[in-house]
Amino acid sequence: MESTNFYERVYEIVRKIPYGKVTTYGHIAAYLGVKSSSRMVGYAMNSSHSISDIPAHRVVNRNGMLTGKFHFPTPSIMEELLENEGIPIKNDKIINFKDYLWIPEND
DNA sequence: TCTTTGACGCTGA
DNA sequence: ATCAGCGCCAAAG
């Protein structure tokens with residue numbers, strides 16, 4: 001359990017993502033202080049399959065592209081969930097991505 | 001213990 | 001503006 005501390009940090013932030021908003025791996029990594037290792041965030045998300053409170057569909061890459069859609073039960077789940085939250089998807093990427101971008105902060 | 005693999009991001013050409 | 005390559009660091013085999 002303790003070894004997954006890194007993952008827990010990621011999960012905690014992802015769970016903080018408000019409804020109708022999305023964030024990027026880079027921003028999460030930056031929040032953890034390891035912005036250089038944005039890949040670790042995505043890798044951690046891979047383990048999110050064990051958790052049910054992890055809205056991984058709200059996490060996209062810095063382009064706003066649904067790069068991880070293929071990791072869902074079905075590739076359409078991710079975009080459907082996002083559209084369900086009021087986030088339009090076009091060509092597997094979020095329209096007006098910056099407008100829906102949410103950045104984690106201590107606040 | 002060492003090697004390979006990534007749901008990424010940035011810089012250089 | 002587009003394309004290719006390198007870097008980061010942790011986890012699984």
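All values reported here derive from a predicted model rather than from experimental measurement. Chain A is the first sequence line, chain B the second, and so forth, proteins listed ahead of strands; every chain is numbered from 1.
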Quiz item: Is the closest basic N to carboxylate O distance between Arg58(A) and Glu85(A) below 4.0 Å?
Solution: yes
Quiz prompt | Heavy atoms of other groups near Lys35(A) NZ, more than 12 under 6.0 Å | solution = no
Quiz item: Can a side chain N or O of Ser47(A) be found less than 4.0 Å away from OP1 or OP2 on dA11(C)?
Solution: no
Exercise. Look at the side-chain heavy atoms of Ile, Leu, Val, Met, Phe, Trp and Tyr, link any pair under 4.5 Å apart, and say whether Val41(A) and Val22(A) land in one connected group.
Key: no
Quiz item: His71(A) has a side chain; which of dC9(C), dA7(B), dA12(C) sits nearest to it?
Solution: dA7(B)
Quiz item: Hey, is the side chain of Arg39(A) pairing donor to acceptor with the base of dG7(C) inside 3.5 Å?
Solution: yes
Quiz prompt | Whole angstrom value for the distance that separates C1' of dA10(C) from CG of Leu32(A) | solution = 13 Å
Practice problem: Identify the two heavy atoms, one from Thr24(A) and one from Asn61(A), that lie closest to each other, and give their separation to 0.1 Å. | Solution: CG2-O, 3.6 Å
Quiz item: In terms of side-chain heavy atoms of Asn61(A), which of dG9(B), dC8(C), dA11(C) is nearest?
Solution: dG9(B)
Quiz item: In whole Å, what is the span from the CZ atom of Arg62(A) to the P atom of dC10(B)?
Solution: 6 Å
Quiz item: Within this structure, what is the CZ-to-C1' distance between Phe6(A) and dG6(B), rounded to whole angstrom?
Solution: 13 Å
Quiz item: Among dC10(B), dC8(C), dA7(B), which is the nearest nucleotide to the side chain of Phe72(A)?
Solution: dA7(B)
